[in-house]
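One structure below.
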Amino acid sequence: MHEFFLPVIARAVEAAGIVTENPIRIEQPADKKFGDFSTNIAFLAAKELRKNPRELAQQIIPHLSFPPDTIAKIEVAGAGFINFYLTPLFIMQSVEQVLLYTDRYGEGASGKGKRAIVEYVSANPTGPLTIGRGRGGVLGDCIANLFATQGYDITREYYFNDAGRQMQILGESVKLRYRELCGQIVEFPATHYQGDYIREIAEQVFNDHGAALAGTEEVDLFKNTAESIIFSAIRATLERLGIRHDSFFNEHTLYTPDETGTTANQRVIEALGEKEFISKYDGATWFMTTKLGQEKDKVLIKSTGEPSYRLPDIAYHLTKYKRGFDVIVNVFGADHIDEYPDVIEALKILGEDTSRIRIAINQFVTTTVDGQSVKMSTRKGNADLLDDLIDDVGADATRLFFIMRGKDSHLNFDVELAKKQSRENPVFYLHYAHARICSLLRLAKQEIGFDPHSDPDYHLLRLLDNPAEIQLGFALLDYPDMIKTSLRLLEPQKMVEYLHSLAELFHRFYQECPILKAEPEIARARLFLSLATRQVLRNGFRILGVSAPESM
RNA sequence: GCGCCCGUAGCUCAAUGGAUAGAGCAUCAGCCUUCUAAGCUGAGGGUUACUGGUUCGAGUCCAGUCGGGCGCACCA
């Protein structure tokens, strides 16, 4: 709809002789009495030109030229808003688009020919996924889905490191538990991984090798076994939520020399060195962030000779440019908040276009059980596992609860609520609307032989003019703009809210307008409206990754 | 101490700088001889943490204060 209004308004502003730098924006007034759409361009131009906004609005209006039968009324309201009222005919006529485009309704072409990479989850294989990771995983997955709707060629990437110190400690942890199984008495340090899964992996090694490795100092076998078991567990958990990555990027490749004998990490040091942002002191190699106004330089290569995490991070992001991505999205939790500014700075220095990078940071998750807040903790054995949560509330509720709050809000995951098979649970409210429509359409086929495909006389929609019908139809037209808004803000929550309000409008329509009992043409028209609603619900559910049950 | 996020109805949360700050849950009052009542209609409930500032207009932007969360390693 924005695309419908913007050019007309732009032409009218120009025709009225108003020259303004301000972008024209369309908004939907909260209150329908101010119209279906409205623009504040007169305010913006008035400020710039030092004129009266109401007068400017009056000058613009005569030049607004819309196709016939689309706009019922245009008026100046308040101090200078221009409000537009659509005709019911235009709204219901537009709903036909939903039925024509079906699964592709809402898609756009702004990403056509562009490649986007969304990096999310990216947990190192040191343990099972926690609930906190789940939020980022679902957020990233939905964001990737949103990009895909606009025609982007999308790559979902998982970045991991199986060579660092944490992995070494993981191997050690398994080795110690293995030795316990061999009957040795071992001291298990607090710095090691405490979780029960370590014991399970040790048992696996013990089953395979017996006590033959009891004396070895080697940790690789323990580490590799652990990595393989943990990674497949992580992937299985993600799979349960419908999260599948296209690409797993191993940080280790950045440490591997290419044909010229240099590593990606080394090339970063060289390139930053050429820009005079590298300094060596205290036995380490530093990124001179003090030259950028920061308090301290940042270590890129430790005095041990190992790179710190920042160096491969920079090298990794350079690969995203080298691989030709037009849009680079990183999704991570609030604990990584300090990580990206240095990477961005380095990329800037190296001449990359950092405006291509979008960062989505999600705040932490607490779970509430019996009204008691339980704080998540990591690296201890007591971290809440994502798998347990999915067991408890199911994949749909897990996904929806993770994204039904803004990503900047601390999420309070009410486990009891998510489990409830009742009205308080928003998952059920959405599902119910869909199932109700399915049930209605089944009955329509049975009772009056309704088959939308054999006789697609969608134009019957134009017979509808009840306020409940018009409001529902209007909401359906809003869907494409809603996708764009969610994408622009990297915020799937907008979509959840939209679908909730759509479900609400449908229920009201269903309550107020008899469908099968109406006269035949009206009945068909209302069934088409229901069909269109189901289509938009489905399309939205697909973006959010929740199921669309046919019955409940 | 420094950086980022948050503070809105009893609870959980919305509100691209716009018009009378909205939903859900909870509470109260109605609606099933009629297509799924897992639904709908209505009511009550607010000094948007606080103090200033910016402007036609501030929950939103800026400064400061208070409160909560997360970071601030030659860990990732």
Side-chain angles (χ1 to χ4, degrees), chain A residues 25-31 33-34 38 40 43 46-47 52-53 77-81 83 122-124 126 160-161 164-167 169 251 282-286 294-296 298-310 312-313 333-339 341 361-364 366 368 371 375 404-414 417 420-426 428-429 431-433 435-444 447-448 468 485 488-489 493-494 496-497 500-501 503-504 506-518 523 526-527 530 551-552:
Chain A
R25 288 207 308 230
I26 303 294
E27 59 189 51
Q28 286 185 38
D31 192 328
K33 80 177 181 201
F34 297 121
S38 125
N40 65 349
F43 285 106
K47 186 175 202 167
N52 182 319
F81 292 101
N83 296 338
S122 294
N124 286 338
T126 55
F160 72 100
N161 178 20
R165 213 183 87 193
Q166 293 305 321
M167 289 301 291
I169 293 172
E251 180 182 324
D282 294 346
T285 302
W286 302 78
Q294 295 191 27
E295 281 180 28
K296 286 181 65 182
K298 301 291 169 58
V299 173
L300 293 181
I301 299 178
K302 298 183 258 182
S303 52
T304 59
E306 285 174 89
S308 80
Y309 69 93
R310 269 187 195 84
D313 258 10
D335 53 336
H336 285 243
I337 207 126
D338 280 342
E339 183 171 322
I361 292 173
N362 63 280
Q363 293 297 320
F364 274 17
T366 51
T368 320
K375 231 175 82 179
M404 71 183 195
R405 304 295 178 225
K407 61 182 185 301
D408 290 332
S409 296
H410 296 262
L411 175 65
N412 202 327
F413 199 118
D414 187 332
L417 177 62
K420 269 185 195 158
Q421 313 265 313
S422 75
R423 69 174 75 168
E424 300 118 275
N425 186 343
F428 279 79
Y429 190 82
H431 278 171
Y432 179 58
R436 202 176 203 187
I437 297 171
C438 290
S439 165
L440 172 68
L441 292 171
R442 276 193 301 267
L443 201 64
E447 304 261 311
I448 64 172
T485 301
R488 181 168 46 83
L489 303 173
Q493 186 229 9
K494 300 291 167 216
V496 179
E497 277 199 347
H500 194 277
S501 72
E504 195 170 18
F506 177 77
H507 287 310
R508 190 178 305 157
F509 155 71
Y510 184 91
Q511 199 78 24
E512 289 184 18
C513 304
I515 299 170
L516 300 179
K517 290 174 182 58
R526 286 179 176 159
L527 285 165
S530 304
S551 63
M552 291 173 68

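A, B, ... follow the sequence lines: proteins, then strands. Residue 1 opens every chain.
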**nucleotides 21-32 of chain B: protein proximity per nucleotide (B base, S sugar-phosphate only, - neither; heavy atom, under 4.0 Å)** = --SSSS------

**Request:** Would you tell me if any nitrogen or oxygen in the side chain of A/Lys47 comes within less than 4.0 Å of OP1 or OP2 on B/G18?
**Result:** no

**Request:** Give A/Ser38 one of three labels, base, sugar-phosphate or nothing, depending on what nucleic acid heavy atoms sit under 4.0 Å from its own.
**Result:** base

**Message:** Taking the minimum atom-to-atom distance to the side chain of A/Tyr429, which one of B/G39, B/U55, B/A76 wins?
**Reply:** B/G39

**Prompt:** In dot-bracket form, how is RNA chain B paired, counting a Watson-Crick or G-U wobble pair only if both its distances are under 3.5 Å and using | for bases paired to another strand?
**Reply:** (((((((..((((....[...)))).(((((.......))))).....(((((..]....))))))))))))....

**Message:** Under 4.0 Å, heavy atoms only, any strand: does A/Ala79 hit a base, just the sugar-phosphate, or nothing?
**Reply:** nothing

**Item:** Nearest-Å distance once atom P is located in both B/G71 and B/G57
**Value:** 42 Å

**Request:** Map A/Arg405 and A/Gly283 onto RNA chain B by nearest heavy atom, then report which one ends up closer to the 5' terminus.
**Result:** A/Arg405

**Prompt:** Any side-chain heavy atom of A/Leu489 sitting closer than 4.5 Å to one from A/Lys494?
**Reply:** yes

**Asked** Touch check for A/Asp31, heavy atoms < 4.0 angstrom, all strands: base, sugar-phosphate only, or nothing?
**Response** nothing

**Prompt:** What does A/Pro514 touch in the nucleic acid at a heavy-atom separation under 4.0 angstrom: a base, only the sugar-phosphate, or nothing?
**Reply:** base

**Message:** By the 4.0 Å heavy-atom rule, please label A/Cys513 as base, sugar-phosphate, or nothing.
**Reply:** base

**Prompt:** Does OP1 or OP2 of B/U36 have a side-chain N or O of A/Ser439 closer than 4.0 Å?
**Reply:** yes

**Prompt:** Would you say a side-chain N or O of A/Arg488 is under 4.0 Å from OP1 or OP2 of B/U16?
**Reply:** no

**Request:** Examine B/C72: is either OP1 or OP2 under 4.0 Å from a nitrogen or oxygen in the side chain of A/Lys298? Give yes or no.
**Result:** no

**Asked** Taking the same atom, P, in B/A58 and in B/U41, what whole-Å distance lies between them?
**Response** 33 Å

**Asked** Going by a 90° cut-off around 0, is B/C32 syn or anti?
**Response** syn

**Prompt:** Would you call the rings of A/Phe43 and A/Phe81 parallel, tilted or perpendicular, where under 30° means parallel and over 60° means perpendicular?
**Reply:** perpendicular

**Message:** Among B/A38, B/C75, B/G39, which nucleotide has an atom closest to any side-chain atom of A/Lys302?
**Reply:** B/C75

**Prompt:** Would you call the rings of A/Phe506 and A/Tyr510 parallel, tilted or perpendicular, where under 30° means parallel and over 60° means perpendicular?
**Reply:** tilted

**Prompt:** What is the distance, rounded to the nearest whole Å, between atom CD1 of A/Ile169 and atom C1' of B/A76?
**Reply:** 11 Å

**Asked** Under 4.0 angstrom, heavy atoms only, what part of the nucleic acid is A/Ser308 near: base, sugar-phosphate, or nothing?
**Response** sugar-phosphate

**Asked** Would you say the base of B/A38 and the side-chain of A/Tyr432 have a donor-acceptor pair closer than 3.5 Å?
**Response** no

**Message:** Any base atoms under 4.0 Å from A/Asn362, or only sugar-phosphate, or nothing? Heavy atoms, all strands.
**Reply:** nothing

**Request:** Can you tell me, in whole Å, how much space there is between the P of B/G7 and that of B/A14?
**Result:** 8 Å

**Request:** With heavy atoms under 4.0 Å as the rule, sort A/Thr126 into base, sugar-phosphate or nothing.
**Result:** nothing

**Letter per nucleotide, 5' to 3', of nucleotides 2-10 of chain B [B base touched, S only sugar-phosphate touched, - untouched; heavy atoms, 4.0 Å]** = -BSBS----

**Asked** Touch check for A/Ile515, heavy atoms < 4.0 angstrom, all strands: base, sugar-phosphate only, or nothing?
**Response** base

**Item:** Distance between P atoms of B/A19 and B/G59 (Å, rounded)
**Value:** 9 Å

**Message:** So A/Glu306, base contact, sugar-phosphate only, or nothing? Heavy-atom distance under 4.0 Å.
**Reply:** nothing

**Request:** Using the C1' atom on both, measure B/G46 against B/A21 and round to a whole Å.
**Result:** 9 Å

**Request:** Assign A/His431 to base, sugar-phosphate, or nothing according to its heavy-atom contacts below 4.0 angstrom with the strands shown.
**Result:** nothing

**Item:** 5' priority, RNA chain B, between A/Ala284 and A/Ala503 [closest heavy atom]
**Value:** A/Ala503

**Request:** To the nearest Å, give me how far apart CZ (A/Arg508) and C1' (B/U41) are.
**Result:** 9 Å

**Message:** Of the listed nucleotides (B/A76, B/C35, B/A14), which one gets closest to any side-chain atom of A/Lys494?
**Reply:** B/A14

**Request:** Answer with base, sugar-phosphate or nothing: what part of the nucleic acid does A/Ala435 contact at a heavy-atom distance below 4.0 Å?
**Result:** base

**Prompt:** Using 30° and 60° as the class limits, which term best fits the ring planes of A/His507 and A/Tyr429: parallel, tilted or perpendicular?
**Reply:** perpendicular

**Request:** Could you work out which one of B/A76, B/U36, B/C74 sits closest to the side chain of A/Trp286?
**Result:** B/C74

**Request:** Scan A/Gly406 against the nucleic acid and name what it touches under 4.0 Å (heavy atoms): base, sugar-phosphate only, or nothing.
**Result:** sugar-phosphate

**Asked** Mind checking whether A/Thr126 and A/Met167 have side chains closer than 4.5 Å, heavy atoms only?
**Response** yes

**Asked** With a non-hydrogen cut-off below 4.0 angstrom, is A/Glu512 in contact with a base, only sugar-phosphate, or nothing?
**Response** nothing

